[in-house]
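Heads up: numbering here begins at 1 and tracks the sequence.
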Amino acid sequence: MTMFSAHKVKIIAGILILICLIVGFRVYQYVHGLNQARTAVTTMLKSSPYRARVPRNAMYKVSSGSFSVSDWYECTFATNKTLTESKKYLQFFSLPQKKLTLKNCPIVYRVIVRPPTKKIKHWTGKVYLDTNQVSSTSARSLYVHNLNGLSVHKLSAP
């Protein structure tokens, strides 16, 4: 009976080691992807007019489904242009504009980057004015939709 118990312990230990390896690999993939996305965004924005920026939301990964092959990365930042657009936005909706700064303005630049694929061999992306909320088009006002459309700029890695 003790031999059977020792065998069970070895099997359970092996399964736990396998689970740890799988989880560790997935965490590594996630962190590595975020680092690559940050590098791509930094490179893309260096050659654009968005050099002087205040980060608002850190980079995060977005997937379009559970087993999706369509992943992208998003982050937001503020500039003097977003501060100006935020004042117009608040004025349009008759909201108070007291103590509006780059760190609390409601309008920001949203950056979306996509990793290389089999067809497109480099990072691609776009930047546009948006609210500093999670990206969801259904709850956005017409004002914000128009702002999105008028401010879209494509980004590409040099």
*Asks:* CZ of F92 to CG of L147: how many Å apart, nearest 0.5 Å?
*Replies:*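 Rounded to the nearest 0.5 Å, the CZ-CG separation comes to 11.0 Å.
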*Asks:* Mark yes or no for whether R56, through its side chain, and R110, through its backbone, hold a donor-acceptor pair below 3.5 Å.
*Replies:*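 A pair under 3.5 Å: no.
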*Asks:* Would a 4.5 Å heavy-atom cut-off, applied to side chains only, mark V111 and E74 as touching?
*Replies:*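 A side-chain contact is absent here, since even the closest heavy-atom pair is not under 4.5 Å.
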*Asks:* Under the 3.5 angstrom rule, does the side chain of N104 hit a backbone N or O of T101 as a donor-acceptor pair?
*Replies:*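 Judged by distance alone, yes, a pair lies under 3.5 Å.
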*Asks:* Is there side-chain contact between T131 and P106, with at least one heavy-atom pair below 4.5 Å?
*Replies:*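 Result no, sub-4.5 Å side-chain heavy-atom pair not found.
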*Asks:* Considering only heavy atoms from C-beta outward, does the side chain of W123 approach that of M44 to under 4.5 Å?
*Replies:*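 Counting from C-beta outward, W123 and M44 do come under 4.5 Å.
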*Asks:* Checking N146 now: which residues fulfil side-chain contact (heavy atoms from CB on, under 4.5 Å) with it, not counting sequence neighbours?
*Replies:*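 Here the qualifying residues are L142.
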*Asks:* Rounded to the nearest 0.5 Å, what separation is found between the NE2 atom of H122 and the OG1 atom of T43?
*Replies:*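 Answer rounded to 0.5 Å: 13.0 Å.
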*Asks:* Begin with the C-alpha distance, continue with both residues' side-chain angles, and end with the deciding distance and a verdict on side chain to side chain contact (heavy atoms under 4.5 Å, CB included) for K81 and Y109.
*Replies:* CA-CA 9 Å; K81 170 86 171 155; Y109 277 110; 3.2 Å; yes
*Asks:* Would you mind listing the cluster partners of L16? Hydrophobic ones only (ILVMFWY), side-chain contacts under 4.5 Å, chaining allowed.
*Replies:*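 I12, all in the cluster of L16.
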*Asks:* If I compare all heavy atoms of Q91 with all of Q97, which pair ends up nearest, and what's the gap?
*Replies:*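 So the two residues come closest at CB-NE2, 3.5 Å.
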*Asks:* Testing the basics here: between D71 and R114, what is the closest heavy-atom pair and its distance to 0.1 Å?
*Replies:*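 Reported closest heavy-atom pair: O-NH1, 4.2 Å.
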*Asks:* Just so I know, are the side chains of V23 and C20 near enough to count as touching, which here means a heavy-atom distance under 4.5 Å?
*Replies:*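 They are not in contact (no side-chain heavy atoms under 4.5 Å apart), so the answer is no.
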*Asks:* Looking only at non-hydrogen atoms, find the nearest pair between I107 and T82 and report the distance.
*Replies:*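 What the structure gives for the nearest pair is O-CB, 3.1 Å.
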*Asks:* I need the minimum non-hydrogen distance between N57 and C75, along with the two atoms involved.
*Replies:*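 Heavy atoms of N57 and C75 come nearest at O-CB, 3.5 Å.
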*Asks:* Could you tell me if the side chain of W72 sits less than 4.5 Å from the side chain of V113, heavy atoms only?
*Replies:*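 The answer is no, as the side chains (C-beta and beyond) never meet within the 4.5 Å cut-off.
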*Asks:* Using 0.5 Å steps for rounding, measure from the SG atom of C105 to the CG atom of L83.
*Replies:*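 Reported value, rounded in 0.5 Å steps: 5.5 Å.
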*Asks:* Got a sec: does the CZ of F93 have more than 12 other heavy atoms crowding it under 6.0 Å?
*Replies:*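 Above 12, so yes.
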*Asks:* Do side-chain atoms of D130 reach the backbone of T76 as a donor and acceptor pair under 3.5 angstrom?
*Replies:*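 No; judged by distance alone, with no hydrogens or angles, the pair does not exist.
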*Asks:* Report yes or no: does S151 contribute a side-chain atom to a donor-acceptor pair with the main-chain N or O of L129 at less than 3.5 Å?
*Replies:*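 The answer is yes, because a donor-acceptor pair under 3.5 Å joins these two groups.
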*Asks:* Give a yes or no answer on whether the side chain of T84 reaches the backbone of N80 with a donor-acceptor pair at less than 3.5 Å.
*Replies:*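 Yes; judged by distance alone, with no hydrogens or angles, the pair exists.
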*Asks:* A side-chain contact here means heavy atoms from C-beta on lying under 4.5 Å apart; do F77 and T79 qualify?
*Replies:*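 Touching, per the 4.5 Å side-chain cut-off.
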*Asks:* Hydrophobic clustering (ILVMFWY, side-chain heavy atoms < 4.5 Å, transitive) - are V108 and V127 grouped together?
*Replies:*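 Unlinked, V127 and V108 end up in two clusters.
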*Asks:* Looking at CG of L21 and CZ of R26, how far apart are the two atoms once the value is rounded to the nearest 0.5 Å?
*Replies:*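 Those atoms lie 14.0 Å apart.
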*Asks:* What's the separation between atom CD1 in I15 and atom NZ in K10, rounded to the nearest 0.5 Å?
*Replies:*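 With rounding to 0.5 Å, CD1 (I15) is 14.5 Å from NZ (K10).
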*Asks:* Would you confirm whether the ring centroid of Y89 sits within less than 6.0 angstrom of the ring centroid of Y143?
*Replies:*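 Under 6.0 Å, so yes.
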*Asks:* Identify whether V9 and L18 are in the same connected component of the hydrophobic contact network (ILVMFWY, side-chain heavy atoms under 4.5 Å).
*Replies:*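 Different clusters.
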*Asks:* Is any side-chain heavy atom of I120 closer than 4.5 Å to a side-chain heavy atom of T117?
*Replies:*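 They are in contact (side-chain heavy atoms under 4.5 Å apart), so the answer is yes.
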*Asks:* With a 4.5 Å cut-off on side-chain heavy atoms, are H153 and Y128 touching?
*Replies:*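 They are not in side-chain contact.
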*Asks:* Hey, what do you get for CG (L90) to NZ (K98), rounding to the nearest 0.5 Å?
*Replies:*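 Interatomic distance, L90 CG to K98 NZ, rounded to 0.5 Å: 13.0 Å.
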